[in-house]
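Below, chain A is the first sequence line, B the second, and so on; all start at residue 1.
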Protein chains: 2
Amino acid sequence: MTTPPTRTGRGRPPRLDPVRTIETALALLDEGGLDALTMRRLADAMGVQAGALYRYFATKEDLLTAMAERILAQVSAPTAEEGGSADWSARLSALARSLRLALLAHRDGARVFAGTHSTGPNTLNLADSGIGILRGAGFDDADAARALLAVVHYTVGHTLEEQAALSPAGEAPAAPEVLREAVTAAGTYPHLTATLPILTSQDHADRFEFGLGLLTRGLLTRA
Amino acid sequence: MTTPPTRTGRGRPPRLDPVRTIETALALLDEGGLDALTMRRLADAMGVQAGALYRYFATKEDLLTAMAERILAQVSAPTAEEGGSADWSARLSALARSLRLALLAHRDGARVFAGTHSTGPNTLNLADSGIGILRGAGFDDADAARALLAVVHYTVGHTLEEQAALSPAGEAPAAPEVLREAVTAAGTYPHLTATLPILTSQDHADRFEFGLGLLTRGLLTRA
DNA sequence: ACCTGAACACCGTTCAAGT
DNA sequence: ACCTGAACACCGTTCAAGT
């Protein structure tokens, strides 16, 4: 209890360890968004010179990949009771919802995820359990894999847009206003005009559920 | 025929016009990808100093938005004979395929599209005709709008991934190798192991069609 | 009106040198 | 082994001044 914090080797303990660095980077992400996350600012926050970061991350992209992997730690693979007994479509939906929430948990989380290609355990677990749900439901390998990819791509595409509409945080006139303006000004978009209330709605959860429902019901016709 | 090119006003004609600037920017995008497209390099290509670009585009983001709008010019709204007589699900699928191809027509096209929010005519036409197809099929306003958004989000998510796997162009070991390595090394991903051939397949058109089929068949159960 | 020149406040990355 | 200091080769953006 009174041991100095993390004194694993001899020599003086490094000021920089990858785990703390990734967590600090996520904190900076939440504060200022992806564009404000620079190697220099991260180094500052870690009390170190910028060049020192490169002993643990070869490039900024490597750092971002590690961040994406860390973000997916919040995805709960539904092997537990919550989804273990439910039917396959409910379990697949739960996985997709969990992915969306994990991405939403950090500012620009979807951008970080979409811009990297992690092959870490959290990422692979997500994919493995998703495909497992579908194979367990009787889908063949090709259908199970392609269906999981479709669900992930939809989820990322949706959340990317959801966070883009969210990130400006009160700078510009905000997307809905701009769209309403453009549509009404032109006057040549009857279907956009009719659906403007839905298109400018901020009920992103509802939107997400609708698309997710299409995918799972489409899958159901194949089962 | 012998008139000097584009002599519309008096005074000397500007060296910089927005249309040529956007086209040059797209050419630079195709050459080096999004990360290599800088305002300075674009200025160079236009034979001008970097600051001069700011008379026509307030920020780089504005330029990127104009590029996204230009990219969508290749999307053919299926009001013509190709899709005019087909049923609504075929027409909606044709629109989605057309969007994917337009994004694929430029390097990092999906990234440019996903990172911007154009309200130009090409963008609005795409959305209006998509929603129009669905309303014409009998869907109510809410369902038509949310279905079109789902299709667009899926298409963007898919194409983002498709181009990410494509862009490196032979630098790193390429995504499929890395994935195979990570999965086989861990040995704890039975479903990934079983579906590795599909997951590492490069038949992106097939993958896209599968997800698109899920969405349209899911929609069919609502019609 | 349109563009130049030059600056401001930054970037990611590398690498000899220190401790 | 781990980090500093300092540099290299860039960025986006602004703005007085020229023509």
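The local environment of CD in E181(A) is sparse, with at most 12 non-hydrogen atoms from other residues, nucleotides or ligands closer than 6.0 Å. When the shell of 6.0 Å around CD of E23(A) is examined, it contains more than 12 heavy atoms from other residues, nucleotides or ligands.
Put simply, R15(B) has a side-chain N or O that comes within less than 4.0 Å of OP1 or OP2 on dT4(C). One finds no side-chain N or O of R40(B) lying less than 4.0 angstrom from the OP1 or OP2 phosphate oxygen of dA9(D). Taking only side-chain nitrogens and oxygens, R41(A) comes nearer than 4.0 Å to OP1 or OP2 of dC11(C).
Across all strands shown, the partner of dA7(D) is dT13(C), judged by Watson-Crick or G-U wobble contacts whose two distances both fall under 3.5 Å. The partner of dC2(C) is dG18(D), by the rule that a Watson-Crick or G-U pair needs both atom distances under 3.5 Å.
Checking D30(A) against H106(A) by side-chain atom types alone, a donor-acceptor pair falls below 3.5 Å.
Distance from the side chain of T38(B) is smallest for dC11(D) among the nucleotides dT4(C), dT14(C), dC11(D). Candidate nucleotides dG12(C), dT4(D), dT4(C) were compared by shortest atom distance to the side chain of M39(A), and dG12(C) ranks first. Checking dG12(C), dG12(D), dG5(D) against the side-chain heavy atoms of Q49(A) singles out dG5(D) as nearest.
Taking atom C1' on both nucleotides, dA9(C) is separated from dC10(D) by 13 Å, rounded to a whole Å.
D62(B) has its CG atom 11 Å from the P atom of dT14(D), to the nearest Å. Between the P atom of dT13(D) and the CG atom of L64(B) lies a distance of 10 Å, rounded to the nearest Å. To the nearest angstrom, P of dC15(C) lies 17 Å from CG of L53(A). dC10(C) atom P lies 17 Å from atom CG of L42(A), rounded to whole Å. One atom, CG of D44(A), and another, C1' of dC3(D), lie 15 Å apart when rounded to the nearest Å. Atom P of nucleotide dC10(D) and atom CG of L37(B) are separated by 16 Å, given to the nearest angstrom. We find that CG of D35(B) is positioned 15 Å from P of dC10(D), with the value rounded to whole Å. Between E61(B) atom CD and dG12(D) atom C1' there is a gap of 13 Å when expressed in whole angstrom units.
As judged by a 4.0 angstrom heavy-atom cut-off over every strand, Y56(B) is placed among residues touching the sugar-phosphate backbone only.
For the salt bridge (Lys or Arg N to Asp or Glu O under 4.0 Å) with E162(A), the lone residue among R100(A), R207(A), R111(A) that qualifies is R100(A).
R97(B) has a carboxylate O that lies under 4.0 Å from a charged side-chain N of E209(B), or vice versa, which qualifies the two as a salt bridge.
Residues K60(B) and R55(B) both approach DNA chain D. Their nearest nucleotides, taken by heavy-atom distance, put K60(B) toward the 5′ side. Across the interface with DNA chain C, nearest-nucleotide mapping of A36(A) and G51(A) shows A36(A) to be the residue nearer the 5′ end.
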